[in-house]
Amino acid sequence: MLPLICRGRSKGRGKCSFKESLEAFIDIKPEGTDVEFYVSKIDRNVRPQPFILLLGDSRVKPLQSFVIVERRALLFETLTKAVDYAFKLHYVLDLKYQSQCYPAWQFLQMVLYQLPGDETSSTVRELRTYINSLKE
């Protein structure tokens, strides 16, 4: 749900669609997809890496979860572990978040991991304030 709540911007067009935000954060392909073929066809200009790839019919309970980085698919036991690893790759390697899902990654950075960052997204600021008020 995070990429739907914290939508980013399309390149030069203002706020992106829900679909663009979600697909930039997590790509989902059907069961049986040839992962090696899939990663070999990635255009780095269209699909910046790292990102998450799920195989199966559901984002909630995928059959397999991968982090795609440098045209390699790293398999993870759960979607949560894949998101955690993808975030850490972005942060440690100081990679730019994709504009379509920038606020979702920014939320994870500043609220979940409590790491410094710029608060450019009003949605992230408001969510952070609300979550902090629940702690009081």
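Numbers here simply count residues along the sequence, with the first being 1. What you are looking at is a predicted structure, and each value in this text was computed from that prediction instead of being measured.
- Side-chain contact between P50 and H90 is present, with heavy atoms from C-beta onward closer than 4.5 Å.
- Pairs of residues two or more places apart, or lying in two chains, that qualify as salt bridge (Lys or Arg N to Asp or Glu O under 4.0 Å) and include a residue from residues 81-91 are E77-K81, D84-K88.
- For the pair E31 (side chain) and L63 (backbone), a donor-acceptor distance under 3.5 Å is absent.
- Using a distance-only test at 3.5 Å, with no hydrogens or angles considered, no donor-acceptor pair links the side chain of Q64 to the main chain of L54.
- V92 belongs to no hydrophobic cluster with other residues, because no ILVMFWY side-chain heavy atom falls under 4.5 Å from its own, directly or through intermediates.
- Counting only residues at least two apart or on different chains, the salt bridge (Lys or Arg N to Asp or Glu O under 4.0 Å) pairs with a member in residues 32-47 are D27-R47, R44-E70.
- Sparse packing is recorded around CZ of R72, with 12 or fewer heavy atoms of other residues, nucleotides or ligands lying under 6.0 Å away.
- Hydrophobic cluster membership of V67, counting Ile, Leu, Val, Met, Phe, Trp and Tyr whose side-chain heavy atoms lie under 4.5 Å apart directly or via other members: V69, L74, F76, Y85, L89, L93, L95.
- Taking OG from S17 and CD from E23, the interatomic distance works out to 7.5 Å, rounded to the nearest 0.5 Å.
- Of the possible donor and acceptor atoms, one in the side chain of T33 sits under 3.5 Å from a partner among the backbone N and O of P30.
- Between Y38 and I42, some side-chain heavy-atom pair lies under the 4.5 Å cut-off.
- For F25, the ring-ring contact (aromatic ring centres under 6.0 Å, His included) partners are W105, not counting sequence neighbours.
- Between S99 atom OG and K15 atom NZ the span is 11.5 Å, to the nearest 0.5 Å.
- Between I26 and L79 there is a side-chain heavy-atom pair separated by less than 4.5 Å.
- Take Q109 and apply the side chain to side chain contact (heavy atoms under 4.5 Å, CB included) test, not counting sequence neighbours, and it matches F87, Y91, Y97, L115.
- Put simply, the side chain of V35 reaches to within 4.5 Å of the side chain of F66, judged on heavy atoms.
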